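Working notes for the structure below.
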Amino acid sequence: MDKYRIDSHKLIYHPGRVTDWLAGRNIYPIYAELSPSGACNHRCVYCALDFMEYKPRFLDAGILIKRLGEMGKLGLKSIMYAGEGEPFLHPRMAEITNATKAAGIDVSFTTNAALFKPAIADECLKSVEWIKVSINGGTAKTYAKIHGCRQEDFEKVFANMKYADGLRRRKGYKTTLGMQLVLLPENAGEVELLAERARAAGMDYLIVKPYSQHPQSKTDKYRNIRYADYEALSKRLQKYSSPAFSVVFRMKTMQKWDAAAKHYGKCCALPFWTYIDAGGNVWGCSMFLGKKEFLYGNIMESSFKKVWESEKRKRSLRMVANRLDTSKCRVNCRMDEVNSYLWDLRHPPEHVNFI
């Protein structure tokens with residue numbers, strides 16, 4: 001039921017870029033995660049980026065729109081607006097969304113959706129490939145406790161997403177709408193309730209994923225959580241799937257979290273993606289936000305091309321290749337599956353010609 005390859009990766013669909021990388025040529029990223037807002041209206045108990053402190057800073061829309069045009073021409077294919085804050089807190093998020101699509105870049109959002117009001121959907125849903133709503137409870141009480149917000153936000157989110165579903169159907173938009181739950185002891189008993197609500201709201205999927213401890217997080221409440229006992233829940237959730245709705249229970253990712261092991265010896269994925277924070281800083285990896293050796297430059301101060309081809313980035317990549325110990329990296333980082341794929345390409349087993 002994982003037709004979007006959420007529990008896998010999609011780099012296999014970009015052989016040209018991979019070929020250039022294997023040949024040692026400079027490549028521009030396929031994907032970027034970009035945080036238009038440092039502020040957030042929720043305070044989730046498991047927040048990986050709590051160490052960024054939810055600063056009320058917002059990217060300058062005029063400069064960002066200019067950079068988007070440049071990045072599209074350089075080969076950037078997609079942006080997920082998410083990051084250390086809630087993207088829809090940015091007052092010009094709809095305009096930025098449309099400008100991103102106009103630059104030839106696919107647009108997506110990870111959001112709590114409490115601020116994704118009908119007026120915003122009316123303005124920009126046409127430009128969005130997918131929206132994934134972070135919703136971590138099946139009842140308003142549990143949701144509010146985990147999200148650190150008012151209980152009213154629970155129904156507000158469903159109202160916003162029901163409207164978005166109706167809008168895409170009326171207008172013929174192809175936007176995919178989904179929800180995602182981080183499986184915690186507090187919400188494990190409500191996942192089936194959430195699956196029912198998500199399906200009734202017109203969502204295309206519900207993802208159930210494991211917690212992942214960020215090494216810099218202030219919170220470590222769930223550091224020792226394990227997922228071996230949730231296989232029965234995975235089987236029960238299958239009954240909610242239909243041709244129009246799927247539950248993606250990320251069992252493979254949960255098993256990797258429990259094992260805390262990596263298949264690859266080096267991080268190879270950094271040339272294929274980047275993270276841009278709410279201050280415009282371009283980072284090699286979101287796990288190392290604030291670590292100067294991973295800072296490439298700032299798109300508010302110079303072009304993306306200049307940042308990407310800078311000596312700072314070259315030094316950072318050399319450091320990653322020669323000194324970074326991936327065993328200490330975040331388990332199930334965003335590029336984990338991509339790294340396994342790239343590692344195998346550079347370290348093939350015997351008998352590969354017997355296809």
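From a predicted model like this one, the values you see are computed outputs, not experimental measurements. For the numbers below, each heavy atom of this structure counts, side chains included, while hydrogens, waters and symmetry mates do not.
- For the salt bridge (charged side-chain N to carboxylate O under 4.0 Å, His left out) test, residues two or more places apart in sequence or in another chain that qualify with Arg57 are Glu84, Asp277.
- Residue pairs meeting the salt bridge (Lys or Arg N to Asp or Glu O under 4.0 Å) criterion with at least one partner in residues 109-134, sequence neighbours excluded, are Lys101-Glu129.
- Pairs of residues two or more places apart, or lying in two chains, that qualify as ring-ring contact (aromatic ring centres under 6.0 Å, His included) and include a residue from residues 184-205 are Tyr4-Tyr205.
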What donor-acceptor contacts under 3.5 angstrom involve side-chain atoms of residues 145-157, with partners at least two apart or in another chain?
unit_1 : atom_1 : unit_2 : atom_2 : d
His147 : ND1    : His42  : ND1    : 3.1
His147 : NE2    : Asn136 : N      : 3.1
His147 : NE2    : Asn136 : ND2    : 3.1
Asp153 : OD2    : His42  : NE2    : 2.9
Glu155 : OE1    : Arg197 : NH2    : 3.1
Glu155 : OE2    : Arg197 : NH1    : 3.3

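- Comment: Arg92 engages Glu95 in a salt bridge, judged by a side-chain N to carboxylate O separation of less than 4.0 angstrom.
- Every pair passing ring-ring contact (aromatic ring centres under 6.0 Å, His included) that includes a residue from residues 99-121 is listed here, sequence neighbours excluded: Tyr81-Phe109, Phe88-Phe109, Phe88-Phe116.
- Sorted by first and then second residue, the salt bridge (Lys or Arg N to Asp or Glu O under 4.0 Å) pairs involving residues 7-16 (not counting sequence neighbours) are Asp7-Arg250.
- Residues forming a salt bridge (charged side-chain N to carboxylate O under 4.0 Å, His left out) with Lys66 (at least two apart in sequence, or on another chain): none.
- Taking the salt bridge (charged side-chain N to carboxylate O under 4.0 Å, His left out) definition, one finds that Arg25 meets it with Asp20, sequence neighbours left out.
- Within the hydrophobic cluster formed by Ile, Leu, Val, Met, Phe, Trp and Tyr side chains joined at under 4.5 Å, directly or through other members, Tyr264 is accompanied by Trp343.
- Using cut-offs of 30° and 60° for the angle between ring planes, the Phe58 and His90 rings count as perpendicular.
- Pairs engaging residues 285-301 under the side chain to side chain donor-acceptor pair (under 3.5 Å) rule: Asn281-Asn298 [sequence neighbours left out].
- Within the structure, salt bridge (Lys or Arg N to Asp or Glu O under 4.0 Å) contacts touching residues 229-246 (residues at least two apart or in different chains) are Glu192-Arg236, Glu192-Lys239.
- Note on residues 158-179: pairs passing salt bridge (Lys or Arg N to Asp or Glu O under 4.0 Å), not counting sequence neighbours, are Asp165-Arg168, Asp165-Arg169, Arg168-Asp204.
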